[in-house]
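To find a chain, count down the sequence lines: A is the first, B the second, and so on, and within it residues start at 1.
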Amino acid sequence: MFDREALARPANEVALDLLGATLSRDSEEGRVTIRLTEVEAYLGEMDPGSHAFRGLTKRTTVMFGEPGHLYTYFTYGMHVCANVVCSPPGTASAVLLRGGEVVEGLELARARRTTSRSDADLARGPARLVVALGVTLADGGADLATSPFDLTLPTVRADHDAGPRTGVSGEGGSAEYPWRFWIPGERTVSP
DNA sequence: ATTACGATCCACT
DNA sequence: GTGGATCGTAATG
């Protein structure tokens, strides 16, 4: 369980509280829990890098909704990525879950990620994290405070480093928005 | 109806 | 370290 008010703030602030947080998902096969080590913030309509930059569309409806819900999308023709919606309803901002460490359900996560040989690779990268957790597009819009999900924020804010985001280019691009955050020294963070 | 593009991963060198 | 795969979304004709 988590305090929803804690998520009703801009994504670049919420991102710092999500580092070190744990996210669980139950399925018929069991439960997998991931400790988040790398995240990236997107500030909705103000942000050229955000899917919500051009306003409310069918896909981005969830992002404009209540914080604490899951925003999933399909990209590059083959991958699913997951975000935690932040900011109050009517404001679109979200935090992309970029990487984490599997802390529960290791066997199940390995079974879902047969291509990765090392445990550190199980949830390193947005699409991999989603597969290890067992999240699908159908989970889009789900409330992370209810089954099968369970999100727990850390009681003490984790150490963090910040850097430019990937994939955001052009004017008003990555240089102005150092909103990629990670926990220093973690093996589950991409270079 | 059509088309350009992307918040990436994996196999291979 | 690099290149190819692959399709939903949203803007355009």
Identify each donor-acceptor pair in which a side-chain atom of residues 100-108 of chain A lies under 3.5 Å from a protein atom, sequence neighbours left out, and give them as a table.
from     : atom 1 : to       : atom 2 : distance (Å)
A:Glu101 : OE1    : A:Arg35  : NH1    : 2.9
A:Glu104 : OE1    : A:Thr33  : OG1    : 2.6
A:Glu107 : OE2    : A:Arg110 : NH1    : 2.9

Exercise. Within this structure, what is the CE-to-P distance between A:Met78 and B:dT8, rounded to whole angstrom?
Worked result: 13 Å
For this session: Check every atom of B:dA7, B:dT8, B:dC10 against the side chain of A:Leu96 and return the nucleotide holding the closest atom.
Result: B:dA7
Exercise. When the distance from CG of A:Leu18 to C1' of B:dA7 is rounded to whole Å, what number comes out?
Worked result: 16 Å
Exercise. So does A:Thr75 get a side-chain nitrogen or oxygen closer than 4.0 Å to the phosphate oxygens (OP1/OP2) of B:dG6?
Worked result: no
Exercise. Is the cationic atom of A:Arg59 (NZ for Lys, CZ for Arg) positioned less than 6.0 Å from the six-membered ring centroid of A:Phe74 and within 45 degrees of its normal?
Worked result: no
For this session: Following the transitive rule for hydrophobic clusters with a side-chain heavy-atom cut-off under 4.5 Å over Ile, Leu, Val, Met, Phe, Trp and Tyr, establish whether A:Leu36 and A:Val131 coincide in one cluster.
Result: no
Exercise. Once you round it to whole Å, what is the distance between P of C:dA11 and CG of A:Leu56?
Worked result: 12 Å
Problem set entry | Closest approach of A:Ala11 to A:Ser87 (non-hydrogen atoms, all atoms of both residues) | N-OG, 4.5 Å
Problem set entry | A:Phe74 side-chain proximity, nearest of B:dC10, B:dA7, C:dG8 | C:dG8
Exercise. B:dA11, B:dT8, C:dC7: which one has an atom nearest the side-chain heavy atoms of A:Thr115?
Worked result: B:dA11
Exercise. Does the side chain of A:His51 get closer than 4.0 angstrom to OP1 or OP2 of B:dA7 through an N or O atom?
Worked result: yes
Exercise. With sugar-phosphate meaning primed atoms plus P, OP1 and OP2, does A:Arg117 contact a base, only sugar-phosphate, or nothing at under 4.0 Å between heavy atoms?
Worked result: nothing
Exercise. Given atom CZ of A:Arg124 and atom C1' of B:dC10, what is their separation to the nearest angstrom?
Worked result: 12 Å
Exercise. How long is the line joining NE2 of A:His79 and P of B:dG6, in whole Å?
Worked result: 16 Å
For this session: Return the value, rounded to whole Å, for the distance between atom CG of A:Leu122 and atom P of B:dC9.
Result: 13 Å
For this session: Mind checking which stems touch DNA chain C? I mean at least 3 consecutive Watson-Crick or G-U pairs, both distances under 3.5 Å.
Result: B:1-6 with C:7-12, B:8-12 with C:1-5
Exercise. What heavy-atom pair brings A:Ala82 and A:Leu70 nearest, and what distance separates the two atoms?
Worked result: CB-CD1, 4.1 Å
Exercise. Is the phosphate of C:dA10, meaning OP1 or OP2, less than 4.0 Å from a side-chain N or O of A:Thr57?
Worked result: yes
Exercise. Are the ring of A:Tyr42 and the six-membered base ring of B:dA7 within the stacking cut-offs of under 5.5 Å and under 30°?
Worked result: yes
For this session: Look at A:Arg54 and C:dT9 and indicate whether a side-chain polar atom (N or O) is within less than 4.0 Å of OP1 or OP2.
Result: no
For this session: Compute whether any side-chain donor of one residue and acceptor of the other, for A:Arg128 and A:Thr115, lie under 3.5 angstrom apart.
Result: no
For this session: Describe the nucleic acid contact of A:Tyr76 in one word from base, sugar-phosphate, nothing, applying a heavy-atom distance below 4.0 Å.
Result: base
Exercise. Got a sec: does the CG of A:Asp3 have more than 12 other heavy atoms crowding it under 6.0 Å?
Worked result: yes
For this session: Taking atom CZ of A:Arg187 as the centre, report whether more than 12 heavy atoms of other residues, nucleotides or ligands fall under 6.0 Å from it.
Result: no
Exercise. Quick one: is C:dA10 close enough that its OP1 or OP2 comes under 4.0 Å of any side-chain N or O from A:Arg59?
Worked result: yes
Seminar exercise, completed: Separation of C:dG8 atom P from A:Lys58 atom NZ, nearest Å, is 13 Å
For this session: Take the protein atom CD of A:Glu40 and the nucleotide atom P of B:dT8, then report the distance between them rounded to whole Å.
Result: 7 Å
